[in-house]
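So you know, we letter chains A, B, ... as the sequences are listed, proteins then strands, and number each from 1. Computed from a prediction, not measured in an experiment: that's the story for all the values here. What you see below is based on every heavy atom in this structure, not just the backbone, and it leaves out hydrogens, waters and symmetry mates.
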Amino acid sequence: MPVHNREIADKFDRLADLLEIEGANPFRVRAYRNAARTVRGYPRAMADLIDDGEDLSELPDIGDDLAEKIDKLVESGDLPLLDEVEQRTPKALSELMKIEGLGAKRIKALHEALEIDTIDDLKEAAERGDIRNVEGFGDKSEEKIKQRLVKYAGDEQRTQLIEAEEIAKPLVEYLKKAKGLKDIAIAGSYRRRKETVGDLDILITAKQDADVMDHFTDYEEVDEIVSKGKTRSTVYLRCGMQVDLRVVPQVSFGAAQHYFTGSRDHNIAVRKLGIKKGYKVNEYGVFKGDERIAGKTEKSVYKKMDLPYIEPELRENRGELEAARKGELPKLIELDDIRGNLHAHTKATDGHDSLKKMARAAAERGYEYLAITDHSRRLAVANGLDEKRLRKQLDAIDKFNGDQDDIRILKSIEVDILEDGKLDLPDSALKELDFVLCAVHHKFDLPRKKQTERILRALDNRHCHILAHPSGRLINEREAYEFDLEKILEEAADRGRAIELNAQPDRLDLTDESCKMAKDLGVKISIATDAHSATDLDYMRFGIDQARRGWLEKKDVVNCLPLEKLLKLFER
DNA sequence: GCCGTTTTCGGCCCGACTGTTTTCAGTCG
């Protein structure tokens, strides 16, 4: 079993925590954290890069030393430096870093004064009232720690974007009622349309004497006020979501939007650009000495860096600054570019609505076409179609299309990829369809090589047009299965198969980086809602969000094609 | 420990809030 990037990153992070607690050089600590971020977010497995003989020290924030450590980790699973550090500093201390308000210095103080090594030790000490007596702590610190421990639940999950919207929208509506409020905007990963959101960053401009902060902390969903100042407050809502509110002068609104939209890496890169030009960039503007030379709009900030405006979805420091400098930013796809939807279910299998209702809903959304892609027979839990029932559905579609001219229903099926890579229906049935969607729905735990071969074999079938939800992951629920996506994409490019970006908010499968990889390899993408009801068709916008994060343009996406061109593409 | 369009050495993003201080360190984003 190859070592996951995530495991490597976790080890580097733990090492960074322990080194920081020991009081190591803070820049060395940061180097490990930066490396952890690079490895965790890298679209290809370190093990594969090594297999291909690539030089890991070419990766950002990875130098010779860390390249060697990753090599060793992949080869043997060992990180000797971490073992060594754990000999002298209890490894559970890194867990304490997750408690809000406790950082390296204070953990070290607790460890030295009270021999606190674990969360349980901390709990007991807090209950006994020992913490208040440690130098640098007091009554309030002890009380805060107690409160945090009650809520502490280990690894905190990030919130799906769709849920974050449900939390953010009423809050924004409420905030708009604050006296003296002028502008309001949500920043952070929410604005970058990341698939999950850690906390909400809300930005406001207001009149001098406004009561925005009081209004904010009075919100009925507020469970706890973490901090409250004139320009910045943090609360927890009852749902557990952290919300940061910042108030900035209007003249700084653009700079603040830029700053608080992030990503962190993008901001750091922009700041460095600024420094090179002799400017200082912060949330109040771009400064030359004491003079503010930009900041009212985001565009003005980029302009001072000699860059065009960069869309929030691209701000991940994954090459967007270089692309901007060269004038090669993608013209990102928009919701209006979509002409149809190539993955939808009906009552015939596990959908909730009839073919007609689905078709009407698609027409109402201005689509030219909608593909009905019910499940195939192997998926018995979903009442998958056998040949006979499929035939019946095709007749119904013919009849429907005969009566309509504002939308065309495409005949298709989401056919199961069997364990050996064969498809769940014979070619004689598949060739009757406008196109075929293939998907893995069982045997998620095959070894990587077998899983990859299974999917490659399915792509080999001349009747396969699109591979649906390619990784099988469910956000916060199920990891992607083990497979070699790059190989799949290369094969798809070779054979002219498209790959789906499934727009279900809990799938968003492909990931943003995988979208970019597909694009770079020349693979076309189908952004599809996998709708199980008429209202699910609205998930398209989440697919668009993800596609934009993956640098996709209209020309990369098959369902931006008009019907005739799409059908031509599917001709075999 | 990483990195370089003035650098292979000497930098490394920076401002707000809190609590425990009596002028600021620690933490966070």
Nearest-nucleotide comparison on DNA chain B, the residue closer to the 5′ end among A/Lys230 and A/Tyr32: A/Tyr32

Rounded interatomic separation in angstrom, taking OH from A/Tyr259 and C1' from B/dG29: 7 Å

A/Arg44 to A/Tyr42 six-membered ring, cation-pi geometry met (6.0 Å, 45°): no

Base-pairing mate for B/dG26 - Watson-Crick or G-U, with both contacts under 3.5 Å: B/dC17

Heavy atoms of other groups near A/Asp218 CG, more than 12 under 6.0 Å: yes

Spacing of the C1' atoms in B/dT8 and B/dC2 (rounded, Å): 12 Å

Shortest side-chain distance from A/Arg264, nucleotide among B/dC13, B/dT18, B/dG29: B/dC13

OP1 or OP2 of B/dG29 under 4.0 Å from side-chain N/O of A/Arg246: no

Side chain of A/Lys69 - closest among B/dG1, B/dC12, B/dG19: B/dG1

A/Asn25 (side chain) and B/dG1 (base): donor-acceptor pair under 3.5 Å: yes

Ring geometry between A/Tyr174 and A/Tyr219 (parallel below 30°, tilted from 30 to 60°, perpendicular above 60°): tilted

Main-chain N/O of A/Arg315 paired to A/Ser263 side chain as donor or acceptor, under 3.5 Å: yes

Rounded distance (Å) that lies between atom P of B/dG11 and atom CG of A/Asn34: 19 Å

Residue met sooner reading DNA chain B from 5', once A/Lys105 and A/Asp61 are mapped to nucleotides: A/Asp61

Six-ring centre of A/Phe12, A/Arg33 cation under 6.0 angstrom, axis tolerance 45°: no

Whole-Å C1' distance, B/dC14 and B/dG4: 22 Å

Residue-phosphate contact under 4.0 Å: A/Ser141 side-chain N/O, B/dT20 OP1/OP2: yes

Separation of the C1' atoms in B/dT23 and B/dG19, to the nearest angstrom: 14 Å

A/Lys272 side chain, from C-beta outward: closest of B/dC13, B/dC2, B/dC28: B/dC13

Whole-Å gap separating P (B/dC14) and CG (A/Asn267): 12 Å

Interatomic distance where CZ belongs to A/Phe137 and P belongs to B/dT18 [whole Å]: 18 Å

Sugar-phosphate, base or nothing in reach of A/Arg271, heavy atoms under 4.0 Å: base

Phosphate OP1/OP2 of B/dG1 contacted by A/Arg28 side-chain N/O (<4.0 Å): yes

Side-chain N,O (A/Asn282) to OP1/OP2 (B/dC14) below 4.0 Å: no

Rounded distance (nearest 0.5 Å) linking atom CD of A/Gln546 with atom CG of A/Leu501: 6.0 Å

Same-atom distance (C1') from B/dT27 to B/dT20, integer angstrom: 14 Å

Contact under 4.0 Å: A/Lys280 side-chain N or O vs B/dG15 OP1/OP2: yes

Touch class at under 4.0 angstrom, heavy-atom based, for A/Ile99 against every strand present: sugar-phosphate

Nearest-angstrom distance from the residue atom CZ of A/Phe27 to P of B/dC12: 7 Å

Among B/dC13, B/dG19, B/dC28, the one nearest A/Ile268 by side-chain distance: B/dC13

Sugar-phosphate, base or nothing in reach of A/Ala35, heavy atoms under 4.0 Å: nothing

A/Phe260 six-ring face occupied by A/Arg246 cation (under 6.0 Å, within 45°): yes

Chi-angle category of B/dT21 [syn within 90° of 0, anti beyond]: anti

Separation between the C1' atoms of B/dC12 and B/dT7, rounded to whole Å: 14 Å

Length of the CD-P vector between A/Glu58 and B/dC2, whole Å: 13 Å

Rounded interatomic separation in angstrom, taking CG from A/Asp64 and P from B/dC2: 7 Å

Under-4.0 Å side-chain N/O to phosphate OP1/OP2 contact, A/Ser233 with B/dC17: no

Options B/dT20, B/dG1, B/dA16, nucleotide nearest the side-chain atoms of A/Tyr284: B/dA16

pair A/Lys516-A/Arg549: side-chain heavy atoms closer than 4.5 Å: no

Selected nucleotide, minimal atom distance to A/Lys276 side chain, candidates B/dG29, B/dT5, B/dC2: B/dT5

B/dA25 to B/dT21 separation - P atoms, rounded to the nearest Å: 14 Å

Spacing between A/Glu135 atom CD and B/dA25 atom C1', to the nearest angstrom: 12 Å

Distance, C1' atom - from B/dG11 to B/dT22, rounded to whole angstrom: 34 Å

Phosphate OP1/OP2 of B/dC28 contacted by A/Gln242 side-chain N/O (<4.0 Å): no

Side-chain N,O (A/Lys108) to OP1/OP2 (B/dG26) below 4.0 Å: no

Sugar-phosphate only, base, or nothing, as touched by A/Asp265 at under 4.0 Å among non-hydrogen atoms: nothing

